[in-house]
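As structure tokens, the structure follows; a few thoughts come after it.
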Amino acid sequence: MLDQTDTAILGLLRENARMQWKEIGEQVHLTGQAVAARIARLQELGVLKGFTIAVDAAKLGRPLLAFVTVFMMSTDHQGLQRLLAGEACVEEAHRVNGEGCYWLRVRCATPEELTGLLDRIQAFGNCRVNLSLAEVK
């Protein structure tokens with residue numbers, strides 16, 4: 001489905017999603033127009049889902065990063081999913097198989113905000129929390 005040029009284009013976009021098509025074309029030996037066509041095809045195929053930015057959450061007032069594993073004690077998965085969807089501090093939520101039932105990536109401003117979230121989750125199950133000390137990659 002993808003050739004070596006497609007893979008190279010995706011790699012360049014991962015490094016800098018604002019890179020101009022012409023700049024990408026110079027690196028993969030295509031015209032900017034050909035790069036635009038390939039990117040459009042990657043979007044149509046669903047390989048390229050969108051373009052994002054990287055934000056320093058700590059500088060926006062959310063320095064506390066926690067990884068939460070939820071162990072369901074209830075069968076109300078939809079209720080938990082609704083709760084998580086409404087929580088601004090929950091950046092990611094994954095239903096998993098294996099260790100726990102859900103893995104959450106949570107960014108909070110304070111320990112109290114994290115505690116409040118955990119209290120709300122406990123209506124559905126128990127939690128294990130791991131706090132990030134530093135991002136290494």
Side-chain angles (χ1 to χ4, degrees):
M1 178 160 86
L2 299 183
D3 63 17
Q4 197 171 18
T5 302
D6 291 330
T7 304
I9 290 170
L10 290 171
L12 291 167
L13 288 172
R14 275 191 199 102
E15 290 176 27
N16 181 1
R18 294 186 61 175
M19 195 173 212
Q20 299 293 315
W21 301 160
K22 182 181 175 186
E23 291 177 76
I24 294 171
E26 290 169 358
Q27 294 194 36
V28 298
H29 310 292
L30 294 174
T31 65
Q33 199 170 24
V35 169
R38 281 181 177 254
I39 288 172
R41 184 178 58 81
L42 291 169
Q43 288 177 301
E44 289 170 12
L45 291 171
V47 172
L48 185 57
K49 297 193 301 186
F51 297 86
T52 63
I53 59 171
V55 175
D56 186 335
K59 290 183 179 175
L60 294 177
R62 294 195 169 274
L64 186 61
L65 173 59
F67 299 98
V68 179
T69 304
V70 180
F71 300 86
M72 292 293 287
M73 293 173 48
S74 161
T75 58
D76 187 11
H77 289 269
Q78 289 182 344
L80 175 64
Q81 290 171 14
R82 277 192 303 275
L83 170 75
L84 298 175
E87 295 286 343
C89 61
V90 177
E91 291 184 339
E92 293 180 39
H94 301 269
R95 187 166 181 184
V96 297
N97 181 15
E99 182 69 20
C101 301
Y102 291 87
W103 287 350
L104 313 178
R105 178 185 171 102
V106 177
R107 280 269 185 196
C108 295
T110 64
E112 293 78 18
E113 183 181 12
L114 177 58
T115 300
L117 172 65
L118 297 174
D119 288 345
R120 291 186 291 281
I121 291 173
Q122 285 194 339
F124 301 94
N126 293 322
C127 300
R128 183 180 65 226
V129 179
N130 292 287
L131 297 178
S132 173
L133 301 177
E135 185 175 330
V136 297
K137 180 179 176 185

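Quick note: numbers below take in every heavy atom, side chains included, and nothing from hydrogens, waters or symmetry partners.
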Within-4.5 Å side-chain heavy-atom neighbours: V47 and M1: yes

Atom CD of Q33 with >12 non-hydrogen neighbours under 6.0 angstrom: no

Non-hydrogen side-chain atoms of V96 and T69 separated by less than 4.5 Å: no

Intermediate values then yes/no, side chain to side chain contact (heavy atoms under 4.5 Å, CB included), V28 and L12: CA-CA 10 Å; V28 298; L12 291 167; 4.0 Å; yes

Neighbour count above 12 (heavy atom, 6.0 Å) for Q20 CD: no

CZ-SG distance between F71 and C101, expressed to the nearest 0.5 angstrom: 8.0 Å

Any M73 side-chain heavy atom under 4.5 Å of F124 side chain: no

Among L2, L48, I39, the one residue meeting side chain to side chain contact (heavy atoms under 4.5 Å, CB included) with I9: I39

Worked verdict on V55 versus R62 for side chain to side chain contact (heavy atoms under 4.5 Å, CB included): CA-CA 11 Å; V55 175; R62 294 195 169 274; over 6 Å; no

Sidechain-backbone polar pair: R38 side chain, A34 backbone, donor-acceptor under 3.5 Å: no

Neighbour count >12 (heavy atoms, 6.0 Å) for atom CG, L60: yes

L30 side chain reached by I24 side chain, heavy atoms, under 4.5 Å: no

